[in-house]
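In what follows, a structure is listed as structure tokens, so that the remarks can point back to it.
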Amino acid sequence: MTHKQVRTRFAPSPTGPLHMGGVRTALYNYLFAKKNGGDFLLRIEDTDQTRYVEGAEQYIINALNWCGITIDEGVSVGGPFAPYRQSERKELGIYRDYAEQLIRSGNAYYAFDTAEELESMRKRLAEEGNPAPTYNFAVRHSMSNSISLGSEETKSRLNAGTPYVVRLKVEPGQTILLNDMIRGEVSFNSDIVDDKVLLKSDGMPTYHLAHIVDDVLMEITHAIRGEEWLPSAPAHAMIYKFLGWEDRMPRYAHLPLLLKPEGNGKLSKRDGDRLGFPVFPLEWTDPSTGEVSSGYREKGYYPEAFVNMLALLGWNPGTEQELFSMEELVNAFTMEHVHKSGARFDPEKTRWFNEQYLRKKPTNEIAERISKLVASAFELADTDHRLNSSYLEKAVELLRDRVQFEQDMPIVGSYLFKAPTSYEEAVVAKKWKPALLPFFNDLNNRLSHCSPFLREPIDAIIKECASANGIKTGEIMQLLRVLVSGQGGGVDLIGMLELLGNEEVCRRLHNGLKAMPQ
RNA sequence: GGCCCGUUCGUCUAGGGGUCUAGGACAUCUCCCUUUCACGGAGGAAACACGGGUUCGAUUCCCGUACGGGCUACCA
């Protein structure tokens, strides 16, 4: 018995930037495919021309790229089943062929109803107390379609060029069973399935027809999508059956949704930055309004951290491991461990993930990346010694456990690159006494002669100087810090002095002492 | 409203008839380390929605209720 090669697809609609829920769907598709030695495809479902957004498709590709989700086949890379863009496939007449096949077999029909007629039908039904006014078996006979009109009238309308749609003909009274990979068996009564539009009046297929045709033609084996599709799944099962494709139907998996951190509802694109965190992987500028939505990348998140966080939102490895590389995710991923219920997104934990990855990053890489940031933030010349890799690397070592993002380093450790211009008042008020001036002058003098200017000798000098002046180190350590850095807290004090070097330390000490109240 | 799906600490989750005195992580609190702030370490508080079954025994299985979510378009 030969197993079919596993093939999954991510099939977004280019109606704007991909939000993190979409990224997670792509990720799970990717992980599942890779775990099973299969392929991951990208198909663009651009069948709604009215919602097409310029740049959205490229954004999707860029986002997947940034996340390290590699596309084996599809838009941007091509493949044997091209084209992978539904608008282009429509030009080939692919969908119309199948819609017509369904009409011939009596499982679909032409409908000529106008938008106004549909609206008044729903209104009428609602007034009659119908809990779910839909176009279905109960109303199709009173609407304008090939069933109510008969073949003659239908033909003449078609010939006259009357706009029409093709609708699925759903027979009532049937039970449709679905075997979902995550939810197990789910059952529906066909009475509640409406006569869905399959082909729109502009000739484009709807999602319902298009995804099925393409999944079969592209030999997709597993359709992993969001839970919002579950209610239309019975209609999809019927289409497979009517097209004679029951044995080619992929297995479906309906993923739980990502919920807002607080309040109600699923996380949506509209949430944007309103909630204080990005919902998009990459920054996005709306082409029509110019409105900018922030992205995880621009906020300084590592893609590994973002992906790791997303993977664990709705899935777990069954072990207590939390940090996963993409490769480890692939190995550990199973659909059995995907949760059924929605997962509330937690921005705080996302930051924690980033922190974990920051800890593991090689120092020289970080130093290289923050170099430009430092240069511009402190207006340093290219030749400035503080931009030397050895200086930057030491700064990174001092700062790395204190920040969650690389770009916070120059902010949190500004005093490593710039002499203070003010001195934390609370500390000065509490600890400074003019009587300490002789001690600090002595210390400054001793430090100026300290060579090599390294941790041990610096430490020794401070202690010697304190005892020579009859002062306890506890009285002066924090003052020393404030005098040199301006702040009452910060990186390891001796490490900071060592990095700054004795010239700089002595200069800062000198200026600091002048600024102290007499 | 109707249909479908779901419900373990505040959050993400482990566990799925007895091993549960319900485990981990984030957040939170306390202490230690650190003459600072973090990091780190130790510890604490914190959950099986409720009601009925089934069973010798239910957090685990079934039913109902409540609550949450999704869908209810010529959008995906």
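Every chain is numbered from 1, with letters handed out A, B, ... down the list of sequences. Predicted model, so just to flag it, every value in this text is computed and none were measured.
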Just how far, in rounded Å, is P of B:G24 from CH2 of A:W352?
14 Å

Calculate the interatomic distance between A:D401 atom CG and B:U36 atom P; express it in whole Å.
17 Å

From the list A:D46, A:D214, A:D48, side chain to side chain donor-acceptor pair (under 3.5 Å) partner of A:Q86 resolves to A:D214

Would you mind classifying the nucleic acid contact of A:R167 as base, sugar-phosphate or nothing, using non-hydrogen atoms under 4.0 angstrom?
sugar-phosphate

Of the candidates B:A73, B:C3, B:A76, the side chain of A:R122 sits closest to B:A73

Just to be sure I understand the rule, does A:V186 reach a base, reach only the sugar-phosphate, or reach nothing, if contact means heavy atoms closer than 4.0 Å?
sugar-phosphate

Out of B:A76, B:U36, B:C4, which has the shortest distance to the side chain of A:F188?
B:C4

Can you check the distance between B:U60 and B:U21, where both ends of the measurement are the P atom (answer in whole Å)?
15 Å

Assert: residue with more 5' nearest nucleotide on RNA chain B, out of A:E348 and A:I476, is A:E348

Check whether more than 12 heavy atoms from other residues, nucleotides or ligands sit under 6.0 Å from atom NZ of A:K260, and answer yes or no.
yes

Could you please name the option among B:C4, B:G2, B:C71 that lies closest to any side-chain atom of A:P231?
B:C71

Among B:G24, B:C74, B:A14, the one nearest A:K200 by side-chain distance:
B:C74

Can you measure A:Q86 atom CD to B:C74 atom P for me and round it to whole angstrom units?
18 Å

Looking only at atom C1', what distance separates B:C9 and B:G44, rounded to whole Å?
14 Å

Among B:C75, B:C71, B:C39, find the nucleotide with the atom closest to the side chain of A:D48.
B:C75

Please tell me which of A:G488 and A:R51 maps to the more 5' nucleotide of RNA chain B, matching each residue to the nucleotide holding its nearest heavy atom.
A:G488

Could you state the atom-to-atom distance from CD of A:Q487 to C1' of B:U36 in whole Å?
11 Å

Cation-pi, A:Y28 ring and A:R24 (6.0 angstrom, 45 degrees):
yes

Reckon A:N130 touches a base, only the sugar-phosphate, or nothing at all at heavy-atom distances under 4.0 Å?
nothing

Pick the P atom in B:U11 and in B:U28, then give their distance to the nearest Å.
16 Å

Under 4.0 Å: is that the gap between some side-chain N or O of A:K196 and OP1 or OP2 of B:U72?
no

Can a side chain N or O of A:R351 be found less than 4.0 Å away from OP1 or OP2 on B:C26?
no

Separation of the C1' atoms in B:U55 and B:G70, to the nearest angstrom:
36 Å

In whole angstrom, what separates A:D408's CG from B:A38's P?
16 Å

A:N264 side-chain proximity, nearest of B:C75, B:G69, B:C39
B:G69

Taking any strand in view, what nucleotide pairs with B:C61 in a Watson-Crick or G-U wobble way, both distances under 3.5 Å?
B:G53

Under a 4.0 Å N-O cut-off, is there an ion pair linking A:D195 with A:K169?
no

Per atom distances to the A:A132 side chain, the nearest of B:C74, B:G1, B:C4 is B:G1

Taking only the P atom of each, what is the distance from B:A47 to B:C32 in whole angstrom?
28 Å

Short N-O contact, A:E57 and A:R85, less than 4.0 angstrom:
yes

Should A:H337 be listed as having a side-chain N or O under 4.0 Å from OP1 or OP2 of B:G15?
yes

Thinking salt bridges, do A:E304 and A:K360 make one under a 4.0 Å N-O criterion?
no

Return the nucleotide paired to B:C3: Watson-Crick means purine N1 to pyrimidine N3 with N6-O4 or O6-N4, wobble means G-U with N1-O2 and O6-N3, both under 3.5 Å.
B:G70

Interatomic distance where CG belongs to A:L493 and P belongs to B:C39 [whole Å]
19 Å

For A:S187, answer base if it contacts any base atom (sugar-phosphate contacts may also be present), sugar-phosphate if it contacts only those atoms, and nothing otherwise; contact means non-hydrogen atoms under 4.0 Å.
sugar-phosphate

Strictly by Watson-Crick or wobble contacts shorter than 3.5 Å, is anything paired with B:A25, and which nucleotide is it?
B:U11

Just the table, please: protein N/O against nucleotides 6-12 of chain B N/O, every pair under 3.5 Å.
unit_1, atom_1, unit_2, atom_2, d
B:C12, OP1, A:R344, N, 2.9
B:C12, O2', A:L312, O, 3.1

How would you label the contact of A:G226 with the nucleic acid (heavy atoms, under 4.0 Å): base, sugar-phosphate, or nothing?
nothing

Over how many whole Å does the gap from A:Q49 atom CD to B:C74 atom P extend?
16 Å

Could you tell me if the side chain of A:D215 sits less than 4.5 Å from the side chain of A:R43, heavy atoms only?
yes

Can you find a donor-acceptor pair, distance only, under 3.5 Å between A:S201 side chain and B:C74 base?
yes

Would you compute the distance between atom NZ of A:K269 and atom OG of A:S293 and round it to the nearest 0.5 angstrom?
10.5 Å

Taking only the C1' atom of each, what is the distance from B:G17 to B:C56 in whole angstrom?
12 Å

In this structure, are over 12 heavy atoms from other groups packed under 6.0 Å from A:E128 atom CD?
yes

Rounded to whole Å, how long is the line connecting atom CZ of A:F324 with atom C1' of B:G24?
12 Å

Partner nucleotide of B:C39 by Watson-Crick or wobble geometry (both distances under 3.5 Å)
none

Over all strands shown, is A:T47 touching base, sugar-phosphate only, or nothing at heavy-atom distances under 4.0 angstrom?
sugar-phosphate

Please report the distance separating the C1' of B:G16 from the corresponding atom of B:C67, rounded so that it comes out in whole Å.
23 Å

Does the cation-pi check pass for A:R167 over A:Y135, that is, NZ or CZ under 6.0 Å from the six-membered ring centre and within 45° of its axis?
yes

Salt bridge between A:R359 and A:E355, side-chain N to carboxylate O under 4.0 Å?
yes

When the P atoms of B:U34 and B:G23 are compared, how many Å lie between them, rounded to an integer?
32 Å

